[in-house]
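In the text below, chain A, chain B and the rest are named by the order of the sequence lines, each starting its count at 1.
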Number of protein chains: 2
Amino acid sequence: MNAVKLTSTLTFRLGTLGAVLTDRFTARLAAHDLKPKHVGLLAVLDSGVAASQLDVAKIMSVAPSLVVSLADRLEELGAVRRERDPSDRRRQILTLTAEGRDLLAECARAAAELDAELLEGLDQEGAETLRVTLSTLARRTGLPAD
Amino acid sequence: MNAVKLTSTLTFRLGTLGAVLTDRFTARLAAHDLKPKHVGLLAVLDSGVAASQLDVAKIMSVAPSLVVSLADRLEELGAVRRERDPSDRRRQILTLTAEGRDLLAECARAAAELDAELLEGLDQEGAETLRVTLSTLARRTGLPAD
DNA sequence: CTTCATCATTCAGCTTCTGAACGATTTGGA
DNA sequence: TCCAAATCGTTCAGAAGCTGAATGATGAAG
């Protein structure tokens, strides 16, 4: 009883909306020849101390082998530096370079512009409430919540 | 100036959160041997009159050839009926069967359960505000907003 | 100093999806 | 009436993105 409408569930709505926004972000990133996961990796490095590739893989919930190829590309762009951990030479420590920080900032600005488009005409209060609520949901989902 | 943090943009947050929720939904759907897109197709048929495969493809923003394989599977499950449009025999009209409606309802219930898990402990008011805001955003993004 | 665990890397392959054929049908002129 | 172009569904090859199983290098434990 009280039949649920699929399209009004958060699960479906956040899923589809998230997909659309990711597509838009991907389109913006195309200019830099990057994918969202590349930027996600930059963000991980930015918001923490130096991390090994395996650490990054765990944080991103992604296979270690994927981190290799993401880091390959970012290293090639000069956005990331790869160094063996002196205290454990198996570990590759990834760190953001100055260029990497710039690149991340540029991508973040692109995302913010997409946000502005999305929220255009929405009341300021609603937007702020949305941010707070999503931050809460992100936190309890194990995602970066800032 | 006022540097934007990527992880706190809606673009990034909705993208990652949406991906997590879609993964969870996919896991629930595994029991029925369905993917979210199958259920999305059922939802399109449910919320409209009879539609041709091309109509569905446009609504779902997906290649027509993908609709073929989704419909193949759903037809095989008896959830969907395929009939040539008598007034234009090129068109394949897709309609929900009674089984299809049941299946959709079951999937919607699964999504609602995931919603409950996600919102557990969140204040009722915040949840309701979230629903309303997301509905608005869905509408202005060309997604089903109900 | 040998055995087992851990990390990065490569690579084969899976899944999901698209775009280019193609056949069947319809439409719009000449 | 007939033909050319457009439209719809279908098949199929293959791109894209990712995983999991090897492999080699290094480290830890006895």
Side-chain angles (χ1 to χ4, degrees), chain A residues 15-16 18-30 32-41 44-45 49-76 80-95, chain B residues 15-16 18-20 22-27 29-30 32-41 44-45 49-76 80-95:
Chain A
T16 50
V20 169
L21 296 187
T22 298
D23 280 353
R24 291 182 184 174
F25 191 44
T26 302
R28 285 291 191 107
L29 257 35
H32 300 286
D33 223 337
L34 290 180
K35 301 289 174 179
K37 298 240 157 162
H38 292 116
V39 185
L41 174 37
V44 169
L45 297 184
V49 274
S52 76
Q53 295 188 178
L54 192 61
D55 293 338
V56 171
K58 281 174 186 159
I59 293 172
M60 294 181 70
S61 297
V62 128
S65 55
L66 180 57
V67 177
V68 173
S69 59
L70 295 175
D72 280 350
R73 176 86 188 102
L74 291 171
E75 192 181 28
E76 166 185 320
V80 147
R81 197 173 26 235
R82 243 185 187 130
E83 294 165 307
R84 288 283 168 187
D85 182 343
S87 72
D88 182 346
R89 306 185 7 84
R90 287 170 305 182
R91 296 163 51 90
Q92 289 273 45
I93 303 298
L94 298 178
T95 51
Chain B
T16 51
V20 170
T22 299
D23 280 353
R24 292 182 184 175
F25 190 45
T26 303
L29 257 34
H32 298 287
D33 223 338
L34 290 180
K35 302 288 175 180
K37 299 239 159 164
H38 291 115
V39 186
L41 173 37
V44 168
L45 297 184
V49 274
S52 76
Q53 295 188 180
L54 192 61
D55 292 338
V56 171
K58 281 175 185 158
I59 293 172
M60 294 182 70
S61 298
V62 128
S65 55
L66 180 57
V67 176
V68 173
S69 59
L70 294 175
D72 279 350
R73 176 87 187 100
L74 291 171
E75 192 180 28
E76 164 185 320
V80 147
R81 200 176 22 238
R82 244 187 186 128
E83 295 165 308
R84 289 282 168 188
D85 183 343
S87 72
D88 182 347
R89 305 178 15 78
R90 288 170 304 182
R91 297 162 51 89
Q92 289 274 44
I93 302 299
L94 298 178
T95 51

> When you check every protein heavy atom under 4.0 Å of nucleotides 19-28 of chain C, what one-letter string (B, S, -) results, 5' to 3'?
Replying inline: B-----BS--
> Judged by atom type as modelled, is there a donor-acceptor pair below 3.5 Å linking the side chain of B/H38 to the main-chain atoms of B/K35?
Replying inline: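 Flag set: sc B/H38 to bb B/K35 pair under 3.5 Å.
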Listed partners of [X] passing side-chain contact (heavy atoms from CB on, under 4.5 Å), at least two apart:
X: A/R82; value: A/Q53, A/V68, A/A71, A/D72, A/E75, A/Q92, A/L94
X: B/K58; value: B/L54
X: B/T16; value: A/L143, B/F12

Euclidean distance, atom [atom1] of residue [X] to atom [atom2] of [N] [Å, nearest integer]:
X: A/D72; N: D/dG17; atom1: CG; atom2: P; answer: 15 Å
X: B/D23; N: D/dG17; atom1: CG; atom2: C1'; answer: 14 Å
X: B/K37; N: C/dT16; atom1: NZ; atom2: C1'; answer: 9 Å
X: A/L54; N: C/dC7; atom1: CG; atom2: P; answer: 5 Å
X: A/L70; N: D/dC18; atom1: CG; atom2: P; answer: 7 Å
X: A/L41; N: C/dA8; atom1: CG; atom2: P; answer: 12 Å
X: B/Q53; N: D/dT7; atom1: CD; atom2: P; answer: 18 Å
X: B/K58; N: D/dT7; atom1: NZ; atom2: P; answer: 9 Å

> Can you list every pair that meets side chain to side chain donor-acceptor pair (under 3.5 Å) and has a residue in residues 60-69 of chain B, with sequence neighbours left out?
Replying inline: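 The answer is none; no pair qualifies.
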>> Using a 4.0 Å heavy-atom cut-off, does B/S52 contact any base of the nucleic acid, only the sugar-phosphate backbone, or nothing at all?
In response: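 Sugar-phosphate: the residue B/S52, judged by heavy atoms under 4.0 Å, touches backbone atoms but no base.
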>> Between A/S61 and B/R91, which residue's closest nucleotide on DNA chain D lies nearer the 5′ terminus?
In response: B/R91
> With B/R90, which residues qualify under salt bridge (Lys or Arg N to Asp or Glu O under 4.0 Å), at least two apart?
Replying inline: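 Here the qualifying residues are B/D88.
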